[in-house]
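Residue numbers run from 1 in the order of the sequence given. Just so we're clear, the structure is a prediction, and the values are computed from it rather than from any experiment.
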Amino acid sequence: MTDAPLFQYTLRLADTALILGHRLSEWVGHSPVIEEDLAFGNMGLDLIGQARALYAYAGEVEGKGRDEDALAYLRDAGDYRNLLLVEQPNGDFANTMVRQFLYAAFAHPYFEALAASKDETLAAIAAKAAKEMAYHVRHAAEWTIRLGDGTDESHARAQDALEELWPYTGEIFEVDPIERALIDIGVAVDPAPLRALWNKTMDDVLGEATLVRPRDGYMQSGGRAGRHSEHLGHILSELQFLQRAYPGATW
């Protein structure tokens with residue numbers, strides 16, 4: 001696998017989208033109401049669509065003949081570069097919705113900024129993704145407010161989810177030499193300027209939800225370097241089963 005910054009950067013975006021899309025798809029048929037079955041399915045498809053476009057471009061950048069299927073289905077867990085946040089288990093409905101809110105509140109402005117990338121392919125993918133993530137963040141924020149400001153039980157579950165997932169949000173804003181090299185030439189997005197907007201979204205929504213924002217303490221890290229929680233292996237055992245069992249199957 002090449003260490004070229006553009007390949008690694010594109011792969012990180014693709015892996016994050018694929019793993020979160022798979023997580024959301026796990027809810028289809030199990031949601032509390034049929035409307036959420038449809039919502040999770042649609043949001044999952046948005047993310048898998050983003051992953052497909054990014055994998056196709058990553059394969060083109062790598063230049064070793066690997067297509068989107070090879071990159072999505074024929075790598076081991078240690079080769080994945082997704083954020084740790086998105087591989088965390090679904091838990092209950094509140095847990096899934098809070099995880100979606102934490103990620104989408106970042107991804108929406110991030111893709112908006114990436115749409116101005118000097119890399120035309122990344123810019124085109126990001127422009128479409130930004131429109132999709134605008135819906136994701138609105139949907140997840142509305143549910144976070146409804147759960148937090150709902151019953152005693154829904155409030156407690158939403159607060160528990162927030163406490164559990166908050167330590168995974170620090171990784172969202174990390175920048176390593178791979179990304180710095182691309183930021184400096186106008187290809188990648190520097191997440192630092194987006195932190196203020198993300199903080200405001202958190203404060204506004206969590207305040208309306210009557211949820212207490214956790215303090216920024218120790219933050220989990222390592223997903224973008226291939227160091228994952230035990231959960232990723234379980235995701236891949238299901239996600240990759242068809243391709244491993246029937247090599248050559250296509251999307």
Side-chain angles (χ1 to χ4, degrees), residues 1-24 42-63 68 71-72 80-87 99-141 168-202 221 223-226:
M1 184 164 65
T2 178
D3 291 328
L6 183 56
F7 172 72
Q8 290 291 335
Y9 179 68
T10 307
L11 196 63
R12 292 173 180 184
L13 296 174
D15 286 346
T16 293
L18 178 70
I19 298 304
L20 185 56
H22 182 78
R23 275 298 192 215
L24 294 185
N42 285 331
M43 290 191 293
L45 284 173
D46 286 343
L47 291 161
I48 290 171
Q50 293 167 21
R52 183 178 183 180
L54 289 162
Y55 281 135
Y57 186 46
E60 182 182 324
V61 170
E62 185 186 40
E68 59 212 58
L71 290 171
Y80 273 73
R81 297 294 184 264
N82 58 277
L83 294 169
L84 293 174
L85 173 66
V86 302
E87 69 189 47
R99 185 189 61 205
Q100 191 66 14
F101 170 59
L102 295 174
Y103 172 73
F106 167 78
H108 176 222
Y110 188 87
F111 280 123
E112 282 189 323
L114 188 60
S117 170
K118 290 184 178 178
D119 185 296
E120 293 182 356
T121 302
L122 280 181
I125 295 171
K128 182 175 183 296
K131 295 177 183 176
E132 295 165 343
M133 297 315 295
Y135 166 75
H136 291 212
V137 69
R138 184 170 65 250
H139 184 80
Y168 295 96
T169 60
E171 188 181 27
I172 290 173
F173 297 98
E174 289 182 353
V175 172
D176 65 2
I178 289 175
E179 292 199 17
R180 178 54 61 191
L182 296 175
I183 291 169
D184 290 344
I185 59 174
V187 169
V189 173
D190 187 348
L194 303 179
R195 185 185 281 273
L197 178 58
W198 187 83
N199 281 333
K200 184 178 186 309
T201 303
M202 291 298 114
S221 181
R224 287 171 170 170

Q. Would you call D176 and R12 a salt bridge, using N to O less than 4.0 angstrom?
A. yes
Q) Could you give the distance from OG (S221) to CD1 (I172), rounded to the nearest 0.5 Å? A) 11.5 Å
Q) Between Q100 and R23, does a side chain to side chain contact (heavy atoms under 4.5 Å, CB included) hold up when you go through it step by step? A) CA-CA 10 Å; Q100 191 66 14; R23 275 298 192 215; over 6 Å; no
Q: Starting at CD of Q50, measure out to CZ of F111 and round the result to the nearest 0.5 Å.
A: 5.0 Å
Q) If you measure from CD on E60 to CD on E68, what distance do you get to the nearest 0.5 Å? A) 11.5 Å
Q) Is the shortest heavy-atom distance from the side chain of Y103 to the side chain of L20 under 4.5 Å? A) yes
**Q.** Pairwise side-chain contact, H136 with H108, heavy-atom cut-off 4.5 Å (strictly under)
**A.** no
Q) Quick one: does E171's side chain have a donor or acceptor within less than 3.5 Å of a partner on G223's backbone? A) yes
Q: Nearest 0.5 Å please: distance from the CG atom of L11 over to the CG atom of L54.
A: 9.5 Å
(Q) Once rounded to the nearest 0.5 Å, what's the spacing between atom CG of L13 and atom CG of N82? (A) 11.5 Å
(Q) Donor-acceptor pair, distance only, cut-off 3.5 Å: does the side chain of Y80 make one with the backbone of A72? (A) yes
Q) Without hydrogens or angle criteria, can the side chains of D119 and Y57 be said to hold a donor-acceptor pair below 3.5 Å? A) yes
(Q) Measuring only between side-chain heavy atoms, which start at C-beta, is K118 closer than 4.5 Å to L182? (A) no
Q | Worked check of side chain to side chain contact (heavy atoms under 4.5 Å, CB included) between V189 and I183 | A | CA-CA 6 Å; V189 173; I183 291 169; over 6 Å; no
Q. Do you know which two heavy atoms are closest between A58 and F7, and how far apart they sit?
A. O-CD1, 3.2 Å
Q) Would you call R81 and T16 a side-chain contact if the rule is heavy atoms closer than 4.5 Å? A) no
**Q.** Heavy-atom closest pair, residues A115 and A126
**A.** N-CB, 3.6 Å
Q: Return the minimal non-hydrogen interatomic distance between P109 and A104, and the atom names on each side.
A: CD-O, 4.4 Å
**Q.** Side chains of M202 and T169 in contact at under 4.5 Å (non-hydrogen atoms)
**A.** no
Q) Is W198 close to P191 at the side-chain level, that is, under 4.5 Å between some pair of heavy atoms? A) no
Q) Does some side-chain heavy atom of L18 sit less than 4.5 Å from a side-chain heavy atom of Y55? A) yes
Q: Would you give the length of the straight line joining atom OH of Y110 to atom CG of L114, rounded to the nearest 0.5 angstrom?
A: 6.0 Å
Q | R224 and D15 ion-paired at < 4.0 Å | A | no
Q: Would you indicate whether the side-chain heavy atoms of E62 and T10 approach each other to under 4.5 Å?
A: no
